Amino acid sequence: MTPRLSSCSRTGGAGADRLAAFRPSRGPQRPTRAARQVFAKAVATPTKEASTSASKSASISSETAKELYRDMVLGREFEEMCAQMYYRGKMFGFVHLYSGQEAVSTGVIKACLRKDDYISSTYRDHVHALSKGISARKIMSELFGKKTGTCRGQGGSMHMFDAEYGLLGGYAFIGEGIPVGLGAAFTSAYKRRVLGDDGADQVAVNFFGDGTCNVGQFYESLNMASLYKLPCIFVVENNRWAIGMNHLRATGSTLGDEEPWIHKKGPAFGMPGVHVDGMDVLAVREAALEAVARARRGEGPTLIEAETYRFRGHSLADPDELRSREEKEHYAARDPIPQLRAYMLKHGLASETDLAELHASVAAEVDDCVEYADASPKPDMSQLLENVFADPKGFGIAPDGRYRYELPGFTAGTAEVS
Amino acid sequence: MAAILRAPGLGAVWGTVRGLATAVRQAEPATAGLDAKQMNLCSAVNDALHIAMDENPKTLVFGEDVSFGGVFRCTVGLAEKHGKHRVFNTPLCEQGIVGFGIGAAAQGYSPIVEIQFADYIFPAFDQITNEAAKYRFRSGGEFDVGGLTIRTPYGAVGHGGHYHSQSPEAFFTHIPGIKVVMPSGPRETKGLLLSAIRDPNPVVVFEAKMLYRTAVEDVPTGDYSIPLGRARIARAGSDVTLVGWGQQVLVLEQAAKELAASDGIEAEVIDLRTLLPWDADAVAASVEKTGRLVVSHEAPLTSGFGAEIVAAISDRCFYSLEAPPLRIAGYDTPFPLVCEPLYLPGVQRVVDGVRRLLRA
Ligand SMILES: Cc1ncc(C[n+]2csc(CCOP(=O)(O)OP(=O)(O)O)c2C)c(N)n1
Ligand SMILES: [Mg+2]
């Protein structure tokens, strides 16, 4: 699939002509909604056109291809293991899996970001964390509620944070991570523009879903990002569903279209909007490379709409009865992992043996992280009282220097803790 | 969640919830004699919504995912029976959802808005506190949004973590102009929800989500309502008054049983039902009799609604109190994941607190 980067038209007053540019250039036969093809379309003035990964000769090195492939497989296997562990009662809380959407996490984070870049995620955050380089051990331990987790077992599935890797959090309140990502992007811009640190070119990438695009904070953030020309990228993982709400039933169509295009909201706010096939990791990578480079150059934000699909229910508690079999099969056939696999084999980027080795190493890593998490200690009782305020004294720690949970009556609830 | 236990002929038997043993509930005089059916709290909500939609064509139900039944299945079958024009999904935008409800209510409609989890009500807080609650006042009575009802599931479920467990009721009791209702079981929920829908003021109803499926009891099948602002004596007693609301009432009932069995202490348990306005008369009457007051809630202690009750009762019953009133609440921390059992004011904490109070 072809991502086309486009920038907002800077020539005003085009009126009707400009609207024409918004009309999808689809053939006369409109595909059914379920089987809709993902078209990469230009918004306003197209500036660049990339080739499809299917046709072109290999655009990436064997090493990069293997890295991306492994990251996607790791994401998938990790999530499938989570499902098993959840049903075995090893993890609790609400758990939302990412399976099916790997090309987005890998194509954006693994392929384009550095350790010192920022990402803000959602409740579907495990795989974003993996792609960012956080160890599977730490993530699985967090899911098990263990002390060795990313947040010491504090929050579990939907609340991943990692300061070292610039993971600004999983946000279980939809949309709340978006402006937070902007604040981080601002600090990078501030370092460069105000403090004179020319090397400060970190970007912030905000991930969120199609349903979340109907939250006010999304629009507030588009405006602020554009107004302050922030080095940030908005990545909409449009998997067509928000729990039981189909995207087409939840969002009004963009003008002149028969359906809502989220990427078209970019130009309205003064930034390019890109629509990309989110099941094609190379296409995602290409779009993201361009957006990240633009942000690093100080040219401001980009909105990327990646059309993808989750292969499981909304959460592990969702029986997934609302999506049609036809639709599920359509997307299953476009699974990003076999797609990249075929591409790599076709272009001689890897042999069957190489790929088998990658799978084996992922399986070993996933087994290892489960063992590690299982064997890790539970958090101490002090967890409840620490990190509420900066100074645990007076709150978590009593005047005699002992933890308040050690005081007589704490578990009975009769100790004074506030 | 614990399995649902049923014992036909025994009236309603509650499932083991959060380590609570089963407790038999007696039928309320107000609903005694009506045709009844075993229902869980979820079906009780559903039943109330059907009745409300039947009686008033301007009653609407909307919110995230409600048209296919909602994530907790409370709105199942409503769209099929009453039409998709009356029961519809909204995009994910709580602030917009409530504002939209306000607009419809001001035109005489009766929107019943669902906020998927009480934790997600905060984006709508602005509309609730600044617009819904002040609409009548600001417009000098030109308009009101009395038709508006906001339903939202609240509370601990055993594994919800930071954002699917909170009890935000106290924030809403600080808003003159809305009513706040927190029912404690299926029968209570149906009767109180119907009153909330019919009340000429905007009402926020916090539904005990842990009980949606685990609480089952006889619920009258027809129309009945339980008046807002009136508490219920869930258990009579003479030694101490225990006040709670929502799912915490079960904890208090269980603690009262334990205190009676092990210490011979007879606790009176008051189910407050409505927090705004709350039934100070009922609590004061009980405290005049027992001389001791315990208020308990899942929400954090500081500035929880317990503080209001304790202040008001200390004022009214100062000379009858034999010990300082006690609050047993969640700790002043965010709602935890792993430490949930430690955080919650469970049966043991209540029992210990009461013993301490009686020794005082
Ligand atoms: C403020 C808020 N309201 C409601 C919810 C409940 N909720 C959780 S996920 C979700 C759907 C989000 O859909 P989308 O943005 O498309 O992301 P996806 O789940 O498809 O990844 C909803 C309504 C929430 N988490 N936060
Ligand atoms: Mg979605």
Side-chain angles (χ1 to χ4, degrees), chain A residues 91-94 123 144-147 151-159 171-176 209 211-217 242-246 249-252 314-315 317-318 321-322 378-388 395-396 404-405 409-414 417-418, chain B residues 64-71 88-97 99 116-117 119-120 122-123 126 157-165 296 300-303 326-346 348-353 355-357:
Chain A
M91 66 181 68
F92 36 98
F94 294 88
Y123 41 87
F144 278 39
K146 295 296 184 73
K147 202 174 175 173
C151 311
R152 312 186 321 158
Q154 187 82 274
S157 174
M158 300 181 283
H159 309 272
Y171 290 81
F173 276 68
I174 55 172
E176 287 193 350
T212 302
C213 293
N214 293 320
V215 168
Q217 294 188 75
I243 307 187
M245 272 287 268
N246 184 280
R249 289 199 297 264
T251 310
H314 172 71
S315 75
D318 172 14
E321 288 159 348
L322 292 164
K378 287 196 176 127
D380 306 320
M381 267 199 264
S382 61
Q383 189 196 55
L384 183 63
L385 303 179
E386 283 173 353
N387 293 307
V388 180
F395 189 74
R404 288 190 184 271
Y405 74 85
F410 182 80
T411 47
T414 48
V417 286
S418 50
Chain B
E64 294 163 12
D65 299 309
V66 299
S67 84
F68 76 87
V71 295
F88 52 90
N89 285 344
T90 58
L92 313 184
C93 50
E94 288 79 8
Q95 186 175 18
I97 294 169
Q116 203 163 73
F117 280 81
D119 309 66
Y120 307 152
F122 293 110
D126 179 31
V157 288
H159 61 271
H162 309 325
Y163 289 171
H164 293 84
S165 312
S296 184
L301 179 80
T302 300
S303 293
L326 179 66
R327 289 172 292 158
I328 302 175
Y331 289 118
D332 285 339
T333 73
F335 199 100
L337 179 67
V338 183
C339 292
E340 176 174 324
L342 196 61
Y343 166 88
L344 283 178
Q348 200 49 48
R349 269 170 71 180
V350 175
V351 167
D352 286 348
R355 286 188 181 134
R356 196 161 60 113
L357 199 66

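Quantities reported herein were computed from a predicted structural model and do not represent experimental measurements. Chain letters run A, B, ... following the sequence lines, proteins first and then strands; every chain starts at 1.
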Measuring from atom [atom1] of [X] to atom [atom2] of [Y], what distance do you get when rounded to the nearest 0.5 angstrom?
| X | Y | atom1 | atom2 | value |
| --- | --- | --- | --- | --- |
| Q154(A) | H162(B) | CD | NE2 | 5.0 Å |
| L92(B) | I243(A) | CG | CD1 | 7.5 Å |
| E176(A) | F122(B) | CD | CZ | 10.5 Å |
| L342(B) | Q383(A) | CG | CD | 10.0 Å |

Worksheet item: Side-chain contact, heavy-atom cut-off 4.5 Å: R249(A) with N89(B)?
Response: no
Closest contact, heavy atoms only, [X] versus [Y]:
| X | Y | result |
| --- | --- | --- |
| L384(A) | P336(B) | CD1-CG, 3.5 Å |
| F94(A) | G160(B) | CE1-CA, 3.9 Å |
| A242(A) | D65(B) | O-OD1, 3.8 Å |
| G244(A) | F68(B) | CA-CE2, 3.5 Å |

Is chain A contacted by the side chain of [X], its backbone, both, or neither, given a heavy-atom distance below 4.5 Å?
| X | result |
| --- | --- |
| V71(B) | side chain |
| Y343(B) | both |
| S67(B) | neither |

Worksheet, complete the sentence: Note: vs chain A, highest number of non-hydrogen pairs under 4.5 angstrom among P334(B), C93(B), G70(B), P91(B) is P91(B)
Fill in: Those residues that, when tested against Y120(B), pass side-chain contact (heavy atoms from CB on, under 4.5 Å) (two or more places apart)
F173(A), E94(B), I115(B), Q116(B), F117(B), H164(B)
Worksheet item: Who are the side-chain hydrogen bond (donor to acceptor under 3.5 Å, both in side chains) partners of S296(B), not counting sequence neighbours?
Response: Q248(B)
